[in-house]
Every structure is written in C-alpha cells, then in structure tokens.
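Everything numeric here is computed off the predicted structure, so don't read it as measured data. Sequential numbering from 1 along the given sequence is applied to the chain's residues.
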Amino acid sequence: MAKILKIRDLTLRDGQQSSFATRMTQEQIDRCLPYYKDANFYAMEVWGGAVPDSVMRYLNENPWTRLETIHKAVGNVSKLTALSRGRNLFGYAPYTDQIIDGFCRNAIESGLGIMRIFDALNDVDNVKSTIKYVKQYGGIADCAVCYTIDPKYPEPGFFARLMGKKKPAPVFTDAYFLGKAQQMAALGADMITIKDMSGLIPPKRVSGLVKLLKKHIDVPIDFHTHCTPGYGLASVLSAILADVDIVDTNCWYFAEGTGAPAIELIYVFCRKLGIELQANMEAVAKINGELKTIRKELELSVFGAEKPAPKAFNPLTDKLPAEIDAEFDRAIAAAKAEDEETLLDACHKIEAYFGFPAPNELVKNAEIPGGMYSNMVAQLKQLKAEEILPRAMELIPTVRLAAGLPPLVTPTSQIVGAQAVSCAMDEKAGRPIYTTKSSQFVNLVKGEYGKTPVPIDPEFRFKIAGVREETPYDTTKNQMQPNPELPEAGGVKLAENEKEVLLLELFPMVAKSYLTGVKVKAYQAKKAEEAKAEAAAAAEKAAAAPVFQPITGHTVNAPLPGRIIEIKVKAGDTVKAGQEVVVLEAMKMENSITTDYAGTVKQIFVHEGDNVPTDAMLIEVE
C-alpha cells in the first residue's frame with residue numbers, strides 16, 4: 001500500500017498573507033470555495049495570523065463571518081485551521097483563561113477544526129490553556145515548535161580571548177526542539193508542527209529533526225516552511241523522505257517566494273516517489289483558475305501594478321521538458337543521498353524554470369525572517385536613517401542574547417528588530433545603547449512574555465525594566481476593554497455579543513473602529529434621515545480646523561512618526577520634567593514620550609488616534 005501524504009493548504013491564510021498583505025476579500029474567497037470543497041485537502045488554513053485584524057482594518061469585514069462562510073461552503077471535507085500565539089492569541093500581551101476559553105469555544109463553534117498553537121518563546125507554559133480549551137470543545141490541538149537558529153556572534157577580540165571569553169554555546173539544538181515537542185505532547189497535543197516561519201531550515205536539518213520526532217513522539221508530525229531564502233522546496237522534499245505525515249503548501253499562483261512551496265511541485269515529487277498525495281489535483285487546477293485572476297486583482301489593489309507571475313502549470317495535463325523532469329529526478333537522488341548542495345541546485349533550477357522568485361540572499365545570509373528584515377528597512381526609511389542598517393543588523397545578536405535569545409517569530413522578531421534599530425540610532429546620536437526602548441522590549445526583558453530560552457542577566461533586567469527578578473505578566477490585573485453605548489448608533493453597545501466582545505479584547509483599536517462603523521451603518525439604514533443630519537454635522541465638525549493659542553511656552557514634539565495611542569495629561573495639569581505625557585505607537589511598538597520641562601500644560605495639539613510626523617507638536621508646557 002502506497003504511503004499517503006496529507007496536505008494542509010495555506011493559500012487562503014498564510015499564502016495570501018505572505019504574498020498579498022492579507023487583502024483577499026470575502027467575495028474573492030467565495031469564488032474559490034466550490035472547488036475547495038472538491039479538493040479533499042486534509043486541512044485548510046483560513047483564519048488566525050493577520051486575517052482577523054486585516055479583514056476589519058482594511059476590508060471592513062467580520063472575521064467571524066469569514067470563518068463561518070468558509071465552513072458552510074466546505075463543510076467537514078477539510079478541517080479548517082487557524083493560527084494562534086498561545087496565551088497571546090493574536091495580540092502582544094497574555095490573556096486571561098476566560099478570554100482564551102471564549103475564543104476557543106466560539107472559534108470551534110464557528111467551524112474551526114484545528115488550532116495551530118505556538119509561543120514566540122517556545123515557552124510551553126504559554127500554550128497550556130489553549131490546548132486545554134481547544135480539546136475541551138472538540139478541536140484538534142496542533143502544537144507548533146518554532147524553529148530558529150543561534151545568531152552569528154562576532155568573534156571575541158584578542159583581549160576577550162585572553163580573558164578566556166568564548167562564543168556562547170549553541171542553544172537551538174535538535175535536543176532542544178525534541179524536548180519542546182515532548183513537553184507539548186505530554187500536555188495533550190494531537191499533532192506537532194515544525195514551524196519554520198523564516199524558511200531557514202536546510203534540508204539535512206529538517207530530515208534529521210523529522211526522524212527524531214517520529215522516533216520519540218506518537219502523534220502526527222507536520223512541516224511548515226517558507227521559500228524566501230531558497231530552502232523551502234528542497235526541505236519539504238527531505239521531510240517527505242523522512243516520513244513526515246503532513247506538509248503545508250500553497251496553490252500555484254500564491255506559492256513560493258515569501259510563501260510556502262507549491263503543491264503542484266510536491267505532487268510531481270510524490271508521483272515519482274510512489275507516494276499518494278491526499279488532494280484532488282483536478283480541483284486544485286480549478287482553484288488556480290480563480291487564483292490567477294484574483295492574483296492580478298490583488299496586485300493592482302495592493303501594489304498598484306501587476307508583478308511577474310509563474311508560468312501556468314497543471315501537473316495532470318502538462319508535460320515537463322526533459323531537462324526539467326531530470327532535475328526532479330536529480331533532486332530526489334540528492335535528497336536520498338543527503339547531498340544538500342546538489343538538492344538545492346536542482347530545486348532552484350526547477351523554480352527558476354517556472355518563473356518563481358530566486359532565493360533572497362540578503363535574508364539567507366542575515367539568517368533572520370524576511371518580514372523582520374523588511375520591517376527594519378521600512379522603519380529606517382521612516383526615520384530617514386537607512387545608512388545605519390548594517391549597524392542595526394550587527395546589533396541583532398547582541399540585543400537578542402541580552403533579551404534571553406528569543407526565537408525570531410512574531411512578535412519577538414519585531415521587538416528585537418525594532419530594538420536593534422533603536423540601539424543603532426542611540427549610538428549614532430552619541431547616547432548609550434538602550435537609551436531608547438519600546439514598551440514591548442521592556443516587557444520581554446521583564447518576563448511578561450514568558451520564560452526566554454536562556455536566562456536574562458538580572459543586572460540587564462534591572463537596567464531595562466527596573467526589576468532584577470523575572471516578573472511574569474499578572475493576568476489577574478487585566479481589565480476588560482470599555483464597551484460603551486454608541487449614541488451615534490442609537491445607543492447600542494459597541495460590542496453586542498460574545499464574539500464582538502472577543503474582537504474588542506483581541507484587537508482593541510481596530511475592533512473599536514470596525515464595530516463602531518458597523519453599528520453606525522446599521523443605524524443609518526434604519527433611520528436614514530436622522531443619520532444624514534448626524535453625518536453632515538459630524539463632517540462639518542471634522543472639517544473645522546482647531547484654533548490654538550499662540551505658543552508662549554515649551555512644546556513637546558514627536559521624536560518619530562507614529563500614531564497617538566494615549567494622552568496622559570490634560571490642559572491645566574501640572575507636570576514635572578521627565579513625566580510621561582503621551583504614548584506613541586510606531587512600527588507596532590509603544591513609545592513613552594516625556595516632557596523635558598516642568599510647568600503647566602497650556603494646550604494639547606493632538607487627539608488619540610491621530611497619525612503624526614516626526615517633530616509634530618504634541619503639547620505645550622508653560
């Protein structure tokens with residue numbers, strides 16, 4: 001009997017998130033769903049990740065409707081999968097068991113079959129609650145071990161070597177990953193995923209890791225990777241030969257590049273290996289017919305222009321040129337012989353023939369996630385300081401080690417990357433590094449995200465967070481988000497049911513804006529004439545420019561561009577030098593803005609929610 005390889009299709013979540021900024025509308029997804037019902041994938045990842053945030057923020061759509069609609073169309077043919085960050089769910093702070101319970105119950109009732117649970121620190125304590133509630137409500141707990149590698153530390157200098165200093169010992173060994181997987185299995189994990197979110201795991205390493213997990217763990221093993229640095233396709237082939245149970249793929253027009261490997265290429269490999277792929281490739285071809293059009297629509301809406309697409313390919317009907325067919329055979333032979341160089345060469349030739357992006361050498365050499373790298377570049381462009389990128393990259397190992405060597409996965413990759421940029425900016429300005437630090441970095445070092453892979457020096461923790469002892473996040477102090485009545489929507493509650501309350505808890509700013517819009521629109525439909533009058537009055541009010549008094553005191557200005565999250569003072573307040581007056585969000589990090597001047601707050605120039613440029617006046621102190 002032929003071996004069966006199960007497929008988790010990522011196209012409608014990770015695929016569109018990796019390539020098209022999670023902008024697929026419900027209408028676009030609906031076009032594909034009749035064919036997905038016939039595709040017979042083991043699982044379809046359709047939710048979690050950036051989907052709930054993005055569908056509200058950019059598409060004005062309801063995340064719960066997204067999940068329920070897909071389940072209604074596909075039924076139980078494929079298990080619907082979501083990605084969550086353990087106790088953090090989708091946010092940056094741990095949630096109470098009450099929130100995790102409600103979220104898991106509602107997700108499963110809405111059609112979710114598998115919850116892929118990971119923690120950015122690989123702290124197993126942070127996934128316990130989600131495992132418990134997913135299983136309690138009849139879902140499958142898929143626990144992901146986040147793959148990461150030790151940083152490239154600079155060589156110790158002569159005097160450091162003279163004093164006996166050496167590079168830190170490796171932390172992220174196969175034994176480390178096996179230990180984490182075994183701990184998760186002991187908690188009740190129904191399956192284990194090797195989650196290589198950065199695409200940094202080479203073929204030989206994943207082959208050994210899959211064999212190790214299969215030997216010591218009795219639940220199915222899934223392999224998830226990306227193609228950004230050029231390992232993806234070759235590593236999936238090696239995982240298949242190592243008897244992995246499930247692999248994650250994308251459909252052709254959303255595959256490769258920053259995404260996962262194409263199922264069509266995996267199908268060719270499996271056909272040659274005599275492995276049965278659990279997928280209806282005729283239905284996959286029909287999905288691609290829709291995705292080809294949707295890809296062009298997304299390129300125009302997201303990027304403003306069409307990008308080069310891969311050559312059309314249907315492995316059921318299209319004959320491969322002899323030289324490319326030979327590359328598939330060469331790749332298989334090399335994978336079996338563990339000849340990594342030949343395997344990668346063959347896979348890169350296959351990908352190049354079909355027009356997929358070449359490996360990103362910058363990401364490969366930097367050995368950090370592509371998203372982390374692009375975030376750093378974008379941040380430095382905003383700060384008009386692109387020239388310090390090399391120094392920021394050099395500082396990543398130092399910052400990461402000082403912070404307990406967290407794996408580089410959302411959100412820790414963004415936290416470490418942003419802090420490396422801040423340290424480089426401090427250095428450039430002649431300030432000690434860590435003069436500027438985000439609230440998230442402080443919380444990471446303090447211990448609020450959980451236990452880091454290596455202990456943090458107490459003196460460093462005191463320097464950054466003001467405490468020497470590891471201080472876990474105290475969820476008993478959590479306060480529910482305000483749920484006010486909305487006068488502009490007829491006095492209804494901002495969140496009127498449990499699902500809306502959960503959106504408000506998980507995405508406070510975005511959900512508040514989205515739910516307010518939904519309620520106002522419904523009220524306007526009911527009372528059109530009154531709504532028109534209210535809208536006109538609101539527009540007139542919004543159009544009126546604020547009138548400020550002449551400036552006679554000192555102004556507190558924004559040190560970098562961002563959005564005003566919170567204003568800590570009001571006009572007439574007495575403030576001290578060094579007092580926090582505003583919280584500014586920049587690159588998803590919260591920055592405390594303090595006044596250098598003591599006195600009385602004369603006037604405030606901004607409102608919460610405003611986007612401000614560098615040097616924008618925030619308040620005046622007299």
Does a salt bridge link Lys204 with Glu341, judged by any charged N lying under 4.0 Å from a carboxylate O? no
Would you call Asp243-Lys211 a salt bridge at under 4.0 Å N-O? no
Report the distance from atom [atom1] of [X] to atom [atom2] of [Y], rounding to the nearest 0.5 Å.
| X | Y | atom1 | atom2 | result |
| --- | --- | --- | --- | --- |
| Phe254 | Met24 | CZ | CE | 4.5 Å |
| Tyr35 | Asn280 | OH | CG | 13.0 Å |
| Leu209 | Thr173 | CG | OG1 | 10.0 Å |
| Ile246 | Ile192 | CD1 | CD1 | 11.0 Å |
| Tyr231 | Leu343 | OH | CG | 11.5 Å |
| Arg295 | Glu299 | CZ | CD | 4.5 Å |

Flag if over 12 foreign heavy atoms under 6.0 Å of [atom1], [X]:
| X | atom1 | result |
| --- | --- | --- |
| Asp318 | CG | yes |
| Lys311 | NZ | yes |
| Lys79 | NZ | no |
| Glu109 | CD | yes |

Over 60° means perpendicular and under 30° means parallel, so tell me whether Phe41 and Tyr36 are parallel, tilted or perpendicular. tilted
What class does the angle between the rings of Phe356 and Phe354 fall in, given that below 30° is parallel, 30 to 60° is tilted and above 60° is perpendicular? tilted
Test side-chain contact (heavy atoms from CB on, under 4.5 Å) applied to Thr228 and Ser198, step by step: CA-CA 8 Å; Thr228 318; Ser198 308; over 6 Å; no
Indicate yes or no for a side-chain donor-acceptor contact from [X] to the backbone of [Y] under 3.5 Å, with no hydrogens or angles considered.
| X | Y | result |
| --- | --- | --- |
| Asn126 | Asn88 | no |
| Asp196 | Gly199 | yes |
| Thr412 | Pro407 | yes |
| Asp190 | Asp142 | no |
| Ser235 | Ile201 | yes |
| Trp47 | Leu112 | no |
| Asp119 | Asp123 | yes |
| Asn365 | Glu361 | yes |
| Arg271 | Pro315 | yes |
| Ser207 | Pro203 | no |

If you measure only the distance, is there a donor-acceptor pair under 3.5 Å linking the side chains of [X] and [Y]?
| X | Y | value |
| --- | --- | --- |
| Thr193 | Arg116 | yes |
| Glu68 | Ser110 | yes |
| Asn288 | Glu264 | yes |
| Asn122 | Tyr176 | yes |

Minimum heavy-atom separation for [X] to [Y], with atom names?
| X | Y | answer |
| --- | --- | --- |
| Ile217 | Gln182 | CD1-N, 3.9 Å |
| Ile221 | Val244 | O-CG2, 3.3 Å |
| Arg400 | Pro151 | NH1-CD, 3.5 Å |
| Ala262 | Trp252 | CB-CE3, 3.8 Å |
| Leu316 | Tyr267 | CD2-OH, 3.3 Å |
| Val74 | Lys37 | O-CG, 4.1 Å |

Does [X] count as lying over the ring of [Y], i.e. NZ or CZ under 6.0 Å from the six-ring centre, within 45 degrees of the axis?
| X | Y | result |
| --- | --- | --- |
| Lys195 | Phe118 | yes |
| Lys349 | Tyr353 | no |
| Arg23 | Tyr58 | yes |

Using the rule side-chain hydrogen bond (donor to acceptor under 3.5 Å, both in side chains), only one of Arg330, Lys272, Lys319 pairs with Asp325; which is it? Lys272
Which one of Leu59, Val55, Asp53 satisfies the side-chain contact (heavy atoms from CB on, under 4.5 Å) criterion with Arg57? Asp53
Taking it one step at a time, do Cys251 and Val284 satisfy side-chain contact (heavy atoms from CB on, under 4.5 Å)? CA-CA 7 Å; Cys251 292; Val284 171; 4.2 Å; yes
Ser78 vs Asn40 side-chain heavy atoms within contact, under 4.5 Å: no
Please assess Thr81 against Tyr42 for the test side-chain contact (heavy atoms from CB on, under 4.5 Å), listing each intermediate value before the final yes or no. CA-CA 10 Å; Thr81 302; Tyr42 166 70; over 6 Å; no
Have a look at Asp245 and tell me which of Lys214, Lys6, Arg8, Lys3 forms a salt bridge (Lys or Arg N to Asp or Glu O under 4.0 Å) with it. Lys214
Stepwise salt bridge (Lys or Arg N to Asp or Glu O under 4.0 Å) test for Arg31 and Glu27: CA-CA 7 Å; Arg31 286 186 242 162; Glu27 184 276 330; 2.9 Å; yes
Looking at Phe172 versus Tyr147, is the centre-to-centre ring distance below 6.0 Å? no
Show the numbers, then the answer: is there a side-chain contact (heavy atoms from CB on, under 4.5 Å) between Gln17 and Leu83? CA-CA 12 Å; Gln17 182 173 321; Leu83 179 72; over 6 Å; no
